Amino acid sequence: MKKFELEEQELKVLETLFKHGAMSPGQVSAETWLLPNETLTVLNTLSSEGLILMREDTQSPDGKLVVITTQAREIVQMRTRLQKRSGL
């Protein structure tokens, strides 16, 4: 697995998608308390790294749907296990 250096906002978005499943960018923004422009920047970065997929969705309020990839899911799960071990 490729090693990623993720920033706090990126981890927050991945953990939110891991917990809640597919969401619109607006829902991600609301759930993470990031400003909409910050959210889009983070989503574009994560998409370019292959950690999320953004696709057109006519049912979404934003016209897009964001989903976490298997690779990102593994990163979040590994991070959770490490936090539990270290007592964080």
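Heads up: numbering here begins at 1 and tracks the sequence. The basis for the numbers below is simple: all heavy atoms, side chains too, and nothing from hydrogens, waters or symmetry mates. Keep in mind it's a predicted model, so treat the numbers as computed, not measured.
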Take Q77 and R81 through the test side-chain contact (heavy atoms from CB on, under 4.5 Å) and record every step on the way to the result. CA-CA 6 Å; Q77 289 172 329; R81 283 192 298 268; 3.9 Å; yes

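- Residue V67 is found in a hydrophobic cluster whose other members, listed by chain and number, are L53; membership requires side-chain heavy atoms under 4.5 Å apart, directly or through intermediates.
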Is there a side-chain contact (heavy atoms from CB on, under 4.5 Å) between L6 and L51? Walk through the geometry before answering. CA-CA 11 Å; L6 297 171; L51 297 175; 3.8 Å; yes

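- Summarising the geometry, atom CD belonging to Q9 is positioned 10.0 Å from atom OG1 belonging to T45; distances are rounded to the nearest 0.5 Å.
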Between K64 and R55, is a side-chain contact (heavy atoms from CB on, under 4.5 Å) present by the stated rule, with each step listed? CA-CA 5 Å; K64 291 196 182 290; R55 59 179 181 239; over 6 Å; no

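- For the atom pair CZ (F18) and CD (E74), the distance works out to 10.5 Å, reported to the nearest 0.5 Å.
- Atom CZ in R73 sits 12.0 Å away from atom CD1 in I75 (nearest 0.5 Å).
- For the pair T16 (side chain) and K12 (backbone), a donor-acceptor distance under 3.5 Å is present.
- Checked options D62, N44, L46; the residue passing with M54 is N44 (criterion: side chain to side chain contact (heavy atoms under 4.5 Å, CB included)).
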side-chain contact (heavy atoms from CB on, under 4.5 Å) evaluation trace for Q71 with E49: CA-CA 10 Å; Q71 184 177 18; E49 293 174 352; over 6 Å; no

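- Listed for the T69 side chain is a donor-acceptor partner under 3.5 Å among the backbone atoms of G50.
- For the atom pair L43 CG and E10 CD, the distance stands at 10.0 Å (nearest 0.5 Å).
- Contact annotation: the side chain of P25 approaches that of L40 to within less than 4.5 Å [non-hydrogen atoms, C-beta and beyond].
- Of the residues listed (T39, V42, I52), the one engaging V28 in a side chain to side chain contact (heavy atoms under 4.5 Å, CB included) is T39, and it is the only one.
- In this structure the side chain of V76 never reaches within 4.5 angstrom of the side chain of L11, judged on heavy atoms.
- At a threshold of 4.5 Å between non-hydrogen side-chain atoms, the residues Q27 and V66 do not count as touching.
- The structure places OG1 of T80 at 6.0 Å from CD of E15, a figure rounded to the nearest 0.5 Å.
- For E8, there are no salt bridge (Lys or Arg N to Asp or Glu O under 4.0 Å) partners at least two apart in sequence or on another chain.
- Residues forming a side-chain contact (heavy atoms from CB on, under 4.5 Å) with D57 (at least two apart in sequence, or on another chain): Q59, S60, L65.
- Of the charged side-chain nitrogens involved, none lies within less than 4.0 Å of a carboxylate oxygen, so that E31 and K19 do not count as a salt-bridged pair.
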